[in-house]
Participant: 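First, the structure itself, so that you have it in front of you.
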Amino acid sequence: MEHQDFFEFDHLIIGSGLAGLTGALHLAEAGRSVAILSKRAADEGSTCRAQGGIACVTNPDDSFDAHVQDTLNAGAKLCNEKVVRTIVEAGPAAVQRLIERGAHFTTRGELGFDDGKENFDLGREGGHTERRVLHSGDITGREIERILVEAASRHPRITIFEYHYAIDLIMARHNAEMADNRCLGAYVLDVRSGRVKTFRSLTTTLACGGAGKVYLYTSNPDVACGDGEAMAYRAGAKIANMEFIQFHPTILYDANVRSFLISEAVRGEGAILKMRDPDGNYREFMKKYHPMESLAPRDVVARAIDSEMKRTGGECAYLDITHKSEAELKNRFPNIFAKCLEVGVNMSKDLIPVVPAEHYVCGGVMTDVNGYTGIPGLYAAGECACTGLHGANRLASNSLLEALVVANLSSIHIDREFGHLLRTAPNFPVPAWSCGNATNSDEMVVITHNWDEIRRFMWDYVGIFRTNKRLERAKTRIKLIRKEIDKYYWDFHVTPDLLDLRNIATTAELIIDCSMSRKESRGLHYNADYPYLDPDLNGVDTVLQRSVRYYD
Ligand SMILES: Cc1cc2nc3c(=O)[nH]c(=O)nc-3n(C[C@H](O)[C@H](O)[C@H](O)COP(=O)(O)OP(=O)(O)OC[C@H]3O[C@@H](n4cnc5c(N)ncnc54)[C@H](O)[C@@H]3O)c2cc1C
């Protein structure tokens, strides 16, 4: 028999990364009660791992127009220009607020430069025509996450529930008394006690981060299972552009290190990509692929490395930044320098071995620039949302900016709607969680086997280089696996592993379906059977929506 626990807050935020914490702080400061859920410890997410920084116009030589144009260029005619402009222009004020909350960004003076000591040291990354990336050494995300978790933990109107795993959104269609669909909160597994709790709220924000665990190789943390997209899809929200998966070209290649990223900022500081030819010499190769060479956009670099590895039979590519001194590198990249040294690579003397890996999902839960999904009470922000900023390819360091700005805008939108929400949703009853005849599973192997299989075929068939045949193979397999998981899901008590698997399978299918329906190559989506961009599809999003019946 499951125990029941009911919790009631004005707002429920699922995720404690940059998007979730920012939204929560704004809502709490406006006088509302907020619950933040985190499926593991509060600081376990992609935000904490971000190294490069946050793109924002702060340099007088830079301009909003230039940042907008760079974003549009990367997005391959699929960005929503209005959204891009709104987010870019809101950047400086949002970053200033972050600084007021205690975030520190590295200045020129701290790096020993005499010019404009008080000015931020601005990094340059692939696809940016200007230096505009604010950073805290090379641990920008850790710094931001630290100050936000501290602020949220101190706030009297915010309660952070760590190790609380949102299972599914509670929708009005679960409740025969509500006339229209709306989100009423979420069912949540308390991981430590194994109890399922009911959280009731006027609004719910999905801020669940990425979906890297869908792929065999990823830079993402273990929490990144596409939960936001999967829950939203099951609830009947629109999901868009999931075919656009960014593969980071340079993850450290070492058997003993899991998912460590060599930031694009290293190439920004002059590192050159090289390949070891069969004759043992290291040669530059990016000239063949793009005029910006090693600083070309990520998708171009990832595909180039993939193709060079296939051509030479090499296990990895290499980054060469040996023209910089040890002191300079330690100063600018202390974290990366130390990690490389741990595996025997001194960046100032040795080439750094790197391979591509899944890094970022450009698509997600479809929202407007305020994070609103169109379903009353349901918002999404951060990596799990698709606002139209990234289009078919994300410009480096635009994701922290988007998470920050959209979380701000969504809290303003929610605040504006608050009175209306109170009037239209009076004390709505929500049905209790039912576990039916579920028992404890004694077959963990079903979970681990399916998990491994999905991640491997997604890497092989729905990765950097796609074809119709590969996508069809992936579709056949995911259909079978999803059927098996569905049966397993209803027969056994929910556990974090089972929930991860269920969400990974749903998200994998969303990526496959979007990839199959885009019959062209654009931005991050490359299908060798349709190798060219189709101009008729400029500005055309791929949108999936599950048809849900009321009261089902
Ligand atoms: C290695 C790495 C480096 C990066 N570097 C940069 C960079 O330099 N600049 C940049 O702009 N971007 C960078 N990115 C991308 C950027 O960090 C992320 O897109 C961004 O931090 C996402 O923030 P978020 O708040 O959406 O999600 P996250 O920070 O990932 O947080 C997600 C949260 O959701 C919670 N969660 C998920 N599912 C559930 C559930 N079912 N129930 C309860 N809680 C749940 C998780 O526990 C976590 O707290 C990088 C990403 C990685 C992986």
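Just so you know, ligand 1 is whichever comes first in the structure, and atom 1 is the first atom listed for that ligand.
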Participant: What atoms of ligand 1 come within less than 4.0 Å of a heavy atom belonging to Ala207?
Facilitator: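 So the atoms of ligand 1 that pass are 32 (C), 33 (C), 34 (O).
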Participant: I need the single residue from Glu229, Glu509, His525 that forms a side chain to side chain contact (heavy atoms under 4.5 Å, CB included) with Met242. Which is it?
Facilitator: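 It is Glu229, the one option of Glu229, Glu509, His525 that forms the side chain to side chain contact (heavy atoms under 4.5 Å, CB included) with Met242.
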Participant: Have a look at Asn220, Thr47, Leu401, Leu148 and point out the one with the heavy atom closest to atom 53 (C) of ligand 1.
Facilitator: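 It is Asn220 whose heavy atom sits nearest to atom 53 (C) of ligand 1.
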Participant: Going by the atom numbers of ligand 1, which of them fall below 4.0 Å from some non-hydrogen atom of His164?
Facilitator: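 Listed by number with element: 42 (N), 43 (C).
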Participant: I would like to know whether Tyr360 and His248 meet side-chain hydrogen bond (donor to acceptor under 3.5 Å, both in side chains); could you show each step before the answer?
Facilitator: CA-CA 8 Å; Tyr360 187 83; His248 196 289; over 6 Å; no
Participant: Atoms of ligand 1 less than 4.0 Å from Asp227 heavy atoms?
Facilitator: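 Those qualifying, in numeric order: 38 (N), 39 (C), 40 (C), 41 (N).
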Participant: Provide the number and element of each atom of ligand 1 under 4.0 Å from a heavy atom of Leu400.
Facilitator: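 Taking each heavy atom of Leu400 in turn, ligand 1 has 9 (N), 10 (C), 11 (O), 12 (N), 17 (O), 21 (O) under 4.0 Å.
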Participant: Salt bridge or not for Arg32 and Asp415, using N-O below 4.0 Å?
Facilitator: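 Here Arg32 pairs with Asp415 in a salt bridge, since their nearest N and O are under 4.0 Å apart.
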Participant: Atoms of ligand 1 less than 4.0 Å from Tyr165 heavy atoms?
Facilitator: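 Ligand 1 atoms under the 4.0 Å threshold to Tyr165: 41 (N), 42 (N).
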Participant: From the options Glu402, Gln51, His359, select the one whose nearest heavy atom is closest to atom 2 (C) of ligand 1.
Facilitator: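 Checking each option, the heavy atom nearest atom 2 (C) of ligand 1 is found in His359.
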Participant: Just by distance, no angles: are the side chains of Thr140 and His135 close enough, under 3.5 Å, to form a donor-acceptor pair?
Facilitator: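 His135 and Thr140 do not have a side-chain donor-acceptor pair below 3.5 Å.
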Participant: For ligand 1, which atoms sit closer than 4.0 Å to a heavy atom of Met231?
Facilitator: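 Answer for ligand 1: 41 (N).
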